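None of these values were measured; they are calculated from a predicted model.
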Amino acid sequence: MQVSDLKKLFSASLFVALVSGCAVQKPATRPDAPPDSPQAQPQLPDLPEAPPVPRIDPMADVPGDKPLPALAGALERIDCLSGEEDLHARMAFEARGGRVANFAYYSKWKPRTCALDFSRTSPGTKWRLTPDGHTRVHTPQGRFLIRTTADSYVFEFEQVQRGKFCGMPGDINGAMTIRRKAAPPECSVNGIMDTHDTFLDTLYKDKLKKP
């Protein structure tokens, strides 16, 4: 067979192959079939953000509150610490007849600390009796509600600004509960030891885990 004949035969075979390839129809794609390219993950609906907690006017009177009566009754002095040497909250106070006369709070996340103290005679503060018989303490930097029960004192912190007392950002919110007539003193905290601080969160990441 001549070379020219081989070329003709090869050209004819190539032509048949091309025509056959064009005749093959691409299978129809089902509407629910996945596209050839990777499909993006479905977008989850955005959850609504929690509304911001409104700022209080810490010195504004609360409806229903009244002036505190004079102190009377048995004297209690309690100094209680919750935590350990480098990470703790501490409350020391005096009370008469179940009504707190003064208190001092100290907290520590070594190397940072926070300290404040108030008494009924502290300038710029206002001590009031709530309708349910508890004590509300107004200060320019935030409020405290001191609840007295038969077996405990509960100090609630409400938007207490840490800048003045701790040199740290954010507010102190939460509570410290101190048992009455416990020896040695027993107390616990909820929320008030939150750091709002990435350095402290990293430093105490294992000890600050939420239960």
Identify the two heavy atoms, one from [X] and one from [Y], that lie closest to each other, and give their separation to 0.1 Å.
X: Thr148; Y: His134; result: N-ND1, 3.3 Å
X: Met193; Y: Ser107; result: SD-CB, 3.8 Å
X: Ala101; Y: Trp127; result: O-CH2, 3.8 Å
X: Tyr153; Y: Ala95; result: OH-CB, 3.4 Å
X: Gly124; Y: Pro140; result: O-CD, 3.6 Å

Ignoring hydrogens and geometry, is there a side-chain-to-backbone donor-acceptor pair from [X] to [Y] under 3.5 Å?
X: Ser122; Y: Ser119; answer: yes
X: Arg180; Y: Thr149; answer: yes
X: Asp79; Y: Ala92; answer: no

Report the distance from atom [atom1] of [X] to atom [atom2] of [Y], rounding to the nearest 0.5 Å.
X: Ile192; Y: Arg162; atom1: CD1; atom2: CZ; answer: 11.0 Å
X: Ile172; Y: Leu116; atom1: CD1; atom2: CG; answer: 6.0 Å
X: Arg112; Y: Trp109; atom1: CZ; atom2: CH2; answer: 10.0 Å

For the residue pair [X] and [Y], establish whether any side-chain heavy-atom pair is separated by less than 4.5 Å.
X: Val137; Y: Arg120; result: no
X: Leu81; Y: Pro185; result: no
X: Phe144; Y: Thr135; result: no
X: Cys187; Y: Met176; result: yes
X: Glu156; Y: Glu158; result: no
X: Glu84; Y: Lys207; result: yes
X: Ile78; Y: Ile178; result: yes
X: Tyr106; Y: Thr113; result: yes

- Derivation of the ring pair (Phe, Tyr, Trp, His ring centres under 6.0 Å) call for Phe165 and Tyr105: CA-CA 10 Å; Phe165 307 113; Tyr105 171 77; 9.5 Å; no

- Message: Tell me whether Arg128 at atom CZ has more than 12 heavy atoms from other residues, nucleotides or ligands lying less than 6.0 Å away.
- Response: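 Counting other residues, nucleotides and ligands, CZ of Arg128 exceeds 12 neighbours.
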
- Neighbour count above 12 (heavy atom, 6.0 Å) for Asn190 CG: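 Atom CG in Asn190 is not packed in, count stays at 12 or less.
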
Which donor-acceptor pairs under 3.5 Å do side chains of residues 51-72 form with protein atoms, sequence neighbours excluded?
| from | atom 1 | to | atom 2 | distance (Å) |
| --- | --- | --- | --- | --- |
| Arg55 | NH1 | Asp171 | OD2 | 2.4 |
| Arg55 | NH2 | Asp171 | OD2 | 3.3 |
| Asp57 | OD1 | Met59 | N | 3.2 |
| Asp61 | OD1 | Lys126 | NZ | 2.6 |
| Asp65 | OD1 | Arg136 | NH2 | 3.3 |
| Asp65 | OD2 | Arg136 | NE | 2.6 |
| Asp65 | OD2 | Arg136 | NH2 | 3.4 |

- Apply the test side-chain contact (heavy atoms from CB on, under 4.5 Å) to residues Leu145 and Val154: give CA-CA distance (whole Å), side-chain angles for both, the deciding distance (0.1 Å), then the verdict. CA-CA 8 Å; Leu145 180 63; Val154 181; over 6 Å; no

In terms of side-chain geometry, is the basic nitrogen of [X] or [Y] positioned less than 4.0 Å from the acidic oxygen of its partner?
X: Glu76; Y: Lys181; answer: no
X: Lys108; Y: Glu85; answer: yes
X: Asp151; Y: Arg179; answer: no

- Under the ring pair (Phe, Tyr, Trp, His ring centres under 6.0 Å) test, which residues partner Phe155, sequence neighbours left out?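 Per chain and number, Phe155 pairs via ring pair (Phe, Tyr, Trp, His ring centres under 6.0 Å) with Phe93, Phe103.
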
- Can Leu87 be reached from Met91 by stepping across I, L, V, M, F, W or Y side chains whose heavy atoms are under 4.5 Å apart?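 Yes, it is one cluster - the side chains of Met91 and Leu87 are joined through contacts under 4.5 Å.
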
- Query: Transitively linked via ILVMFWY side-chain contacts under 4.5 Å: Met168 with Val189?
  - Reply: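 Met168 and Val189: one cluster.
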
